[in-house]
Amino acid sequence: MKKLVLISTYFGSFPKNFGIWLKSAEANEGIDFLLYSDCDTSEYLPLPKNVKIVKTGFEEIKKKFEESFDFPIVLNTPYKFCDYKPAYGYVFENDIKAYGYWGHVDIDAVLGNIEKFLPEKEYEKIYQTGHLTIYKNTPENNRRFMLDGGLLNYRDVFSTERICIFDEVGGMQEKFEFLGIPTYISRDYADITKRSVRFTVSLTFTETANKPVKNYPLQIFYYENGGVFRDYFIGDRLFTEEFNYIHFSTRKPEDFTNGANSFYITNSGFFPKEGETTKEIIEKYNPFNPELDLKEAKRWKRDDKRKRIKNALTRIKEKL
């Protein structure tokens, strides 16, 4: 694969895991990272050589997006950027001319060895989630989000305050499939579900994955030697699985690593990893508690219902 740049936008203040994210980005020496942000970077200096932060405010970058389209767009909050991610290659075209591929990446994650998982064959689009999707950097491909096809039209998406999830399966992936353009959708990542207290892999998108997705009572995730892994026990036997990254949206784990290059990734924080994983370590940092997880699942179910009602009311308001 030709040189790749991964883009992110983030405004306000960096999350508690940002130093960890920087460490994992730095380990991906063959990839550059371009972050548009107004956040204070002083405590993270010097930045890794492959991470560039473009200092810009939300209103400034909002104006850049507004000037990129010939119709009024709605971009009232930074969170709405998730719908604009497929347009990054178009809007930031002048900033990424030197790259063969570009992608959008989230920073509520720990990155593993991303290049190790990328396909040897060239694709116009690689992966299908908002936390990491990669596009071939050509004028034609960078404008495919504008084409008809699929359920979501970019003009409709960019004209509503609703979050339409245009960057994921029901948006860009469906559009590429409608257009008959082959994509690479291997599920190489560990996306941590918000519906349990402990860290477990979300089972979403399993129908299009080429790998089985399963959770285990005794499992724990960690970063080591530039890679993201999961250790789990079946009986007394320890198994290890590698991922290209781990994504933990809605979680805000703190850094207790003291600079360690190997560390466990848990709901309660990042903790140094020394030696082999044991059952005792898993029970300490990622304990199996079905009753607590069920309670958390019910809480998120209620929250999701409120969001659906809010979106429905917004649709009605837009039609009036």
Side-chain angles (χ1 to χ4, degrees), residues 1-11 14-15 18 21-22 24-25 28 30-37 39 50-54 56 58 61-62 64-65 68-69 73 75 77-112 114-115 117-118 123-139 141-146 152 154 157-158 163-176 181 183-189 191 205 244-249:
M1 171 175 275
K2 295 179 181 179
K3 189 72 171 177
L4 165 65
V5 61
L6 296 179
I7 303 169
S8 187
T9 56
Y10 205 91
F11 301 94
F14 286 125
F18 188 63
W21 183 87
L22 280 177
S24 67
N28 283 275
I31 300 174
D32 285 345
F33 296 84
L34 186 58
L35 178 57
Y36 297 87
S37 176
C39 299
N50 62 335
V51 177
K52 179 182 179 181
I53 295 185
V54 178
T56 181
F58 174 69
I61 204 160
K62 175 183 176 182
K64 183 176 179 67
F65 275 78
S68 298
F69 300 98
I73 68 168
L75 184 52
T77 65
Y79 184 52
K80 179 63 179 175
F81 267 116
C82 66
D83 279 335
Y84 287 89
K85 288 176 182 177
Y88 284 0
Y90 169 66
V91 176
F92 300 127
E93 205 161 34
N94 289 333
D95 296 342
I96 61 172
K97 290 186 292 187
Y99 300 93
Y101 288 81
W102 70 272
H104 50 76
V105 65
D106 285 354
I107 64 175
D108 50 354
V110 178
L111 309 177
I114 293 175
E115 288 185 290
F117 288 85
L118 297 180
Y123 287 87
E124 300 289 292
K125 179 175 177 291
I126 299 170
Y127 300 137
Q128 58 180 345
T129 64
H131 23 96
L132 178 65
T133 295
I134 297 168
Y135 295 89
K136 194 169 185 178
N137 188 19
T138 64
N141 203 37
N142 291 345
R143 288 159 177 76
R144 283 195 165 122
F145 72 92
M146 300 180 182
L152 297 177
Y154 85 102
V157 172
F158 294 174
I163 305 302
C164 302
I165 319 181
F166 190 46
D167 53 337
E168 296 206 352
V169 175
M172 290 304 295
Q173 182 59 33
E174 186 175 279
K175 188 176 296 291
F176 269 66
I181 302 170
T183 61
Y184 183 77
I185 57 173
S186 175
R187 180 172 171 148
D188 299 326
Y189 59 90
D191 185 27
F205 304 147
N244 60 350
Y245 65 92
I246 179 172
H247 173 250
F248 39 83
S249 67

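Starting from 1, each residue takes its place in the sequence as its number. These values consider heavy atoms only, across backbone and side chains, with no hydrogens, waters or symmetry-generated copies.
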Checklist entry - Passes side-chain contact (heavy atoms from CB on, under 4.5 Å), Thr129 versus Asp191? Steps please. => result CA-CA 10 Å; Thr129 64; Asp191 185 27; over 6 Å; no
Checklist outcome for this item: Value for CZ (Phe145) from CE (Met172), rounded to nearest 0.5 Å, stands at 8.0 Å
Next on the checklist: Name the residue from Phe117, Tyr123, Tyr101 that meets the ring-ring contact (aromatic ring centres under 6.0 Å, His included) definition with Tyr184.
Outcome noted: Tyr123
Checklist entry - Which pair of non-hydrogen atoms, one from Thr56 and one from Ile61, has the smallest distance, and what is that distance? => result OG1-N, 3.9 Å
Checklist entry - Any idea which heavy atoms bring Gln173 and Val169 closest together, and the distance? => result CB-O, 3.5 Å
Next on the checklist: With a 3.5 Å distance limit and no angle check, can you tell me whether Lys125 reaches the backbone of Thr133 through a side-chain donor-acceptor pair?
Outcome noted: no
Checklist entry - Between Asp32 and Lys52, is there a side-chain N and carboxylate O pair less than 4.0 Å apart? => result no
Checklist entry - Taking only residues at least two apart or on different chains, which pairs with a member in residues 79-89 satisfy salt bridge (Lys or Arg N to Asp or Glu O under 4.0 Å)? => result Lys80-Asp83, Lys85-Asp106, Lys85-Asp167
Checklist entry - How far does CG of Leu111 sit from CG of Leu132, to the nearest 0.5 angstrom? => result 8.0 Å
Next on the checklist: Working to the nearest 0.5 angstrom, can you tell me the gap between Arg187 CZ and Gln128 CD?
Outcome noted: 9.5 Å
Next on the checklist: Tyr36 vs Phe92, test: side-chain contact (heavy atoms from CB on, under 4.5 Å). Steps then yes/no.
Outcome noted: CA-CA 10 Å; Tyr36 297 87; Phe92 300 127; 3.4 Å; yes
Checklist entry - Is there a side-chain contact between Tyr135 and Pro86 (heavy atoms, below 4.5 Å)? => result yes
Item to check | Side-chain donor or acceptor of Asn141 paired with backbone N/O of Glu124 under 3.5 Å | outcome: yes
Checklist entry - So, for Leu152 and Val157, which heavy atoms are closest and what is the spacing to 0.1 Å? => result CB-CG2, 4.1 Å
Item to check | Separation between OH of Tyr154 and SG of Cys164, rounded to the nearest 0.5 Å | outcome: 14.5 Å
Next on the checklist: Tell me whether Tyr127 contacts the main-chain N or O of Ile134 through its side chain, where contact means a donor paired with an acceptor under 3.5 Å.
Outcome noted: no
Item to check | side-chain contact (heavy atoms from CB on, under 4.5 Å) evaluation trace for Phe81 with Phe65 | outcome: CA-CA 10 Å; Phe81 267 116; Phe65 275 78; 3.6 Å; yes
Item to check | Inter-residue atom distance Lys62.NZ - Tyr84.OH, 0.5 Å rounding | outcome: 9.0 Å
Next on the checklist: Counting only heavy atoms not in Leu75 (residues, nucleotides, ligands), do more than 12 fall under 6.0 Å from its CG?
Outcome noted: yes
Checklist outcome for this item: In short, Ser37 meets Ile53 closest at the heavy-atom pair CB-CG2, 4.4 Å
Item to check | For the student: nearest non-hydrogen atoms of Ala109 and Trp21, plus distance | outcome: O-CD1, 3.4 Å
Checklist entry - Would a 4.5 Å heavy-atom cut-off, applied to side chains only, mark Tyr189 and His247 as touching? => result no
Checklist outcome for this item: Scanning both residues in full, the closest heavy-atom pair of Ala25 with Phe33 reads O-CE1, 3.4 Å
Next on the checklist: Are Pro15 and Asp108 packed together at the side-chain level, in the sense that at least one heavy-atom pair is separated by less than 4.5 angstrom?
Outcome noted: no
Checklist entry - Do the ring planes of His104 and Tyr88 sit parallel (below 30°), tilted (30 to 60°) or perpendicular (above 60°)? => result perpendicular
Checklist entry - Which pairs, with at least one residue in residues 89-100 and sequence neighbours excluded, count as a salt bridge (Lys or Arg N to Asp or Glu O under 4.0 Å)? => result Glu93-Arg143
Item to check | Check: Asn28 side chain, Gly112 main-chain N or O, donor-acceptor pair, under 3.5 Å | outcome: yes
Next on the checklist: Could you walk me through whether Tyr90 and Phe69 satisfy the ring pair (Phe, Tyr, Trp, His ring centres under 6.0 Å) test, starting with their C-alpha distance in whole Å, then the side-chain angles of each, then the deciding distance to 0.1 Å, before giving a yes or no?
Outcome noted: CA-CA 10 Å; Tyr90 169 66; Phe69 300 98; 5.7 Å; yes
Item to check | Pairing residues for Ser8 by the side chain to side chain contact (heavy atoms under 4.5 Å, CB included) criterion, not counting sequence neighbours | outcome: Leu35, Val105, Ile107
Checklist entry - How about Val110 and Phe248: do any of their side-chain heavy atoms sit closer than 4.5 Å? => result yes
Next on the checklist: Rounded to the nearest 0.5 Å, what separates atom CG in Leu118 from atom CD1 in Ile31?
Outcome noted: 6.5 Å
